[in-house]
Amino acid sequence: MSEKIYIKPFLRLSGLEPLVVRPETNFVNVGERTNVTGSKKFARLIREGAYEQALSVARQQVESGAQIIDINMDDALLEGVSAMTTFLNLVQAEPDIARIPIMIDSSKFEIIEAGLKCVQGKCIVNSISMKEGEAKFIEQAIICKSYGASVIVMAFDEVGQADTKQRKVEICHRAYKILTEQVGYDPQEIIFDPNIFAIATGIEEHNNYAVDFIEATKEIKALMPLTKISGGVSNVSFSFRGNDHVREAIHSVFLFYAIKAGMDMGIVNAGQLVVYDEIEPTLRDLCEDVILNRKNDNNEATEKLILHAETVKAKGKVEVKDEKWRGEPVEKRLSHSLINGITEYIDSDTEEARQKYPKPLDVIEGPLMDGMNIVGDLFGAGKMFLPQVVKSARVMKKAVAILTPYIEQEKEDRKNAHLAAGTTNEEAAGAARILLATVKGDVHDIGKNIVGVVLGCNGYDIIDLGVMVATEKILDAAEKNKVDIIGLSGLITPSLDEMVHVAHEMKRRGMSQPLLIGGATTSRMHTAVKIAQQYDNGVIHVLDASRSVTVAGSLLNKDTKPGLLKGIKAEYDKLKEDFANKKTVKNYLPFAESQQNPAKISWDNFKPVAPSFTGTKVFNNYSLEEIAAYIDWQPFFIAWEMHGKFPQILSDPIIGKEATKLHNDAKELLDQIIAEKWLNARGAIGFWPAARTAPDTVTVRTETGNTNLEFLRQQIKKATGQPNLSLADFVDKDEDFIGAFAVTIEGIEEHIRRFEQNHDDYNKIILQALADRLAEAFAELLHKKTRQEYWGYATDEHLTNEQLIKEEYLGIRPAPGYPACPDHTEKYKLFDLLGGKEATGITLTETLAMYPASSVSGWYFAHPESKYFGVGKIEKDQVIDYASRKGMPLEAVERWLRPVLEYDV
């Protein structure tokens, strides 16, 4: 009998991408704007039948960071079944929306069932209840389960909605027993909504509604620990509609206590959340009195909040610098500085604390770590965001730097005392050590730096080996420093192979440290299928900095480590099995057949536009001020793990305040970079006569001879009339042109060193992110000049920066190593054509990453029908042909193309 695989009982949802709600997952935000009862705009579009336009509302929710999207069509003027079916079918055809799970929301079960027939992945039904009795409840639950949906169960029975703690718990427990014992639901697939009702209504019976919800949540989680809790948060503040400032505060305070009690997810109106610790103290105290039903005899607390609300409404939000905290004891002042990222007083406060405490180390282990623990808790609870945490780390590092000479002197004194006495000096083991490195051949380290800062904030000793670190150096350093965890980072696809090699070598050496995997090119699936198979002592893919803290903590706890690793192994074994099973699903064409289905372009009347010159043109010390106008800020915020569309992110109800602060700080540093000429923008472009000389080969003619560019073709079987694209399709076989470019931002190193010496990770990471943005902006600027001037095939183009970001221009600039041309080795030809390092300032590493890290390169295609696409997976017949065309050994080509191979090597 085979051993049963144990999979940890997490709530698992999916659209096109999975969403696993683990214990360490922050509060899950459910986007509610695609709800006809909650959005006037959405309701109007649906009523008018403008479903395509209504998709933009859904798309905005996803771009703003919603993890689940709630869709509701309950409107008396709508035919709900038809509306739900139409809209969900359209959503499923939009990958950027359909990637997140759907919550089908309706009070009419026929609408829910219609929705269940449309969604792919694993959705949530919102909601079912026992208001029509057990029989109807069981019938509806069976239908939901047959579609694989998780369910939200309202605390509502034959008597009515539960309004007391006792009734909420009783109804949820009764529903739980029915669902698990009669219907066969797993506990983790059940989400309870114990009803959030309005408080501060003036009716005494309503005063305990929030307390009842919070206490019921605690009890439900204790009684049925695997279930989840959800609710409509905006209901609690309904009495204060029209006063958003007070509603924001009520929601924040309510969630502070509800999340602590075990609330997992909720639907929150836009504009209704602020950071709990930033609420004005008087307002926060009044909100707490009302929410917790304190000091509320004869509605006294309610009356006080109503009176205060009127003054807030009248004066609006006025930002006043509050220095009252400076009168607090030094411990509280240090904590305040850490939480708020204030460096202004850290020198004097740290010195005061040093003189107060017996030893300088006591200051670090006492008030400083106490403050950082609060930062860690707030970050883990989703109440602080990454830029705030990095600012806190800056304060901590400055304080530690002040204390370090005194600590070292104490160590030296103890050592001398022991030598004099003839005794040994055994220092304590200290904090757990985590080694971080960007693997060999890869030069990108912004994400690694952020993870290091966040882990350092949580008390770990971080050993950062930097970039382009060879396997031997990583493992030697790990053994020498007796580290507890090793973390690997990488951005480019060849880094994946290097990570596999590191894992293999760890096993060969008999190492025992867990291995963490992170970086833009990594994935849970690749980690499970390729890396985890090489090492038996724990390999874990960590999605972002916030997850690293929880994972590290669990791995370093002897009680939780075995369970975590066992669960991860079972999860990864299941992923590997699923991956193997999925490989037979897609149909691929024989390569020769795919070549017979190219892009349908009429070349008969095509006359290529000749560039203004052929050969190359080099740029050095290009104006940073001109380049800065082309910056796309959205990826800048993504680097800081702040997801949302720019500039809307600046007014986002949850992260807008911190996003605005970060943007202002970045612009201030950018102005300094430009004014003081910190960085040098350097690049090269080139244009040459070219022709398609074979289905996937473009021959470039230069003064020194011909160069064959080899491209890959989509091989998956397409719908009738859909082509299997190759970039070669966009070049004429008779007479045409092709271009290339490479840009880089030089000079960052000395400024990075200065920020490191000043213990200023915040500005260091801003600088790195800005350099990346400037390189991309320079590429955008040169492409625009290419279209209008240097090549001149779109001289009458007039596009805004937003339109450029949306790629509404003619022609394309695909980069080797990216979806349309995934082979990095074609970079050798690109840089040879442009004149190599001498012309571009860029060096290629052995895995073909570009150094400096803030560099961009690619090809220019001018044909009006050229477009971006992904080659996708390819079969061995194409790889054999490709290796032959390139004159490379098949094994070498397979190594470079491994991420796109449809077969195992």
Side-chain angles (χ1 to χ4, degrees), residues 437-444 467-475 488-508 515 517 519-523 525-535 539 541 576 579-580 583 588 591 696-697 708-715 726 814-832 843-851 857 870-905:
T438 299
V439 295
K440 184 177 73 172
D442 203 322
V443 298
H444 300 87
V467 300
M468 295 196 291
V469 189
T471 298
E472 186 177 355
K473 183 177 178 182
I474 292 170
L475 302 188
L488 303 180
S489 176
L491 180 75
I492 60 173
T493 50
S495 297
L496 298 175
D497 284 342
E498 193 61 30
M499 290 175 181
V500 172
H501 179 59
V502 172
H504 177 80
E505 286 299 295
M506 287 178 72
K507 182 175 182 178
R508 189 182 65 79
L515 178 63
I517 301 295
T521 193
T522 64
S523 69
M525 182 64 79
H526 180 270
T527 303
V529 174
K530 298 292 184 182
I531 306 175
Q533 308 306 313
Q534 299 294 326
Y535 185 60
V539 180
H541 179 252
K576 185 173 184 288
F579 179 79
K583 294 182 76 170
Y588 292 84
F591 178 50
D696 296 289
T697 302
N708 285 340
L709 309 182
E710 305 296 348
F711 297 105
L712 294 165
R713 184 173 296 278
Q714 293 174 330
Q715 215 171 336
S726 164
Y818 282 78
C821 43
D823 179 14
H824 282 273
T825 66
E826 289 292 290
K827 281 182 192 166
Y828 288 127
K829 298 172 185 176
L830 186 149
F831 279 89
D832 283 346
T843 302
L844 296 176
T845 71
E846 59 189 294
T847 55
L848 293 173
M850 293 176 285
Y851 185 83
S857 65
V871 167
K873 298 289 186 181
I874 59 175
E875 293 278 14
K876 190 161 188 172
D877 56 350
Q878 177 165 193
V879 180
I880 291 169
D881 179 87
Y882 188 70
S884 174
R885 283 187 276 134
K886 285 177 69 73
M888 288 175 64
L890 178 63
E891 295 76 14
V893 170
E894 287 177 327
R895 180 169 63 85
W896 284 104
L897 295 181
R898 187 174 282 128
V900 298
L901 300 183
E902 181 51 23
Y903 59 96
D904 291 323
V905 291

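Given the structure is predicted, the values throughout are model-derived calculations rather than measurements.
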Can you tell me how far the [atom1] atom of [X] sits from the [atom2] atom of [Y], to the nearest 0.5 Å?
{"X": "Thr527", "Y": "Gln533", "atom1": "OG1", "atom2": "CD", "result": "11.0 Å"}
{"X": "Leu496", "Y": "Ser523", "atom1": "CG", "atom2": "OG", "result": "7.5 Å"}
{"X": "Glu498", "Y": "Thr847", "atom1": "CD", "atom2": "OG1", "result": "7.5 Å"}
{"X": "Met506", "Y": "His501", "atom1": "CE", "atom2": "NE2", "result": "12.5 Å"}
{"X": "Lys876", "Y": "Gln715", "atom1": "NZ", "atom2": "CD", "result": "13.5 Å"}
{"X": "Glu826", "Y": "Leu848", "atom1": "CD", "atom2": "CG", "result": "10.5 Å"}

State, to 0.1 Å, how close [X] and [Y] come at their nearest heavy-atom pair, and which atoms those are.
{"X": "Val900", "Y": "Gly872", "value": "CB-O, 3.6 Å"}
{"X": "Leu901", "Y": "Glu894", "value": "CD1-O, 3.7 Å"}
{"X": "Ser857", "Y": "Ala815", "value": "O-CB, 3.1 Å"}
{"X": "Glu875", "Y": "Tyr903", "value": "C-CE2, 3.9 Å"}
{"X": "Met888", "Y": "Val893", "value": "CB-CG2, 3.7 Å"}
{"X": "Lys576", "Y": "Val529", "value": "CA-CG2, 4.0 Å"}

- Query: How far apart are the C-alpha atoms of Ile874 and Phe591, what are their side-chain angles, what is the distance that settles it, and do they pass the side-chain contact (heavy atoms from CB on, under 4.5 Å) test?
  - Reply: CA-CA 9 Å; Ile874 59 175; Phe591 178 50; over 6 Å; no
- Message: If the condition is side-chain hydrogen bond (donor to acceptor under 3.5 Å, both in side chains), which residues does His541 pass it with, not counting sequence neighbours?
- Response: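 His541 satisfies side-chain hydrogen bond (donor to acceptor under 3.5 Å, both in side chains) with Thr522 once adjacent residues are dropped.
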- Message: Run the side-chain hydrogen bond (donor to acceptor under 3.5 Å, both in side chains) test against Thr825 and tell me which residues pass, sequence neighbours left out.
- Response: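 Applying side-chain hydrogen bond (donor to acceptor under 3.5 Å, both in side chains) to Thr825 gives Asp823, Lys886.
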Side-chain contact test, heavy atoms from C-beta onward, threshold under 4.5 Å: evaluate it for [X] versus [Y] and give yes or no.
{"X": "Glu710", "Y": "Asn708", "answer": "yes"}
{"X": "Leu830", "Y": "Pro816", "answer": "yes"}
{"X": "Val500", "Y": "His526", "answer": "yes"}
{"X": "Ile517", "Y": "Val539", "answer": "yes"}
{"X": "Val439", "Y": "Val467", "answer": "no"}

- Ignoring hydrogens and angles, state whether a donor on the side chain of His824 or Lys827 is under 3.5 Å from an acceptor on the partner side chain. yes
- Message: Regarding Asp497 and Arg895, does a basic nitrogen lie under 4.0 Å from an acidic carboxylate oxygen?
- Response: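 So Asp497 does not pair with Arg895 through a salt bridge.
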- Working for side-chain contact (heavy atoms from CB on, under 4.5 Å), residues Thr697 and Phe711: CA-CA 6 Å; Thr697 302; Phe711 297 105; over 6 Å; no
- Could you give me the CA-CA distance, side-chain angles and deciding distance for Leu890 and Val879, then say whether side-chain contact (heavy atoms from CB on, under 4.5 Å) is met? CA-CA 8 Å; Leu890 178 63; Val879 180; 3.7 Å; yes
- Note on the structure: In Cys821, Pro822, Pro819, the residue satisfying side-chain contact (heavy atoms from CB on, under 4.5 Å) with Val871 is Pro822
- Please confirm whether the backbone N or O of Asp696 pairs with a side-chain atom of Arg885, one donor and one acceptor, at under 3.5 Å? yes
- Does the pair Arg713 and Gln878 meet the rule for a side-chain contact (heavy atoms from CB on, under 4.5 Å), with working shown? CA-CA 8 Å; Arg713 184 173 296 278; Gln878 177 165 193; 3.8 Å; yes
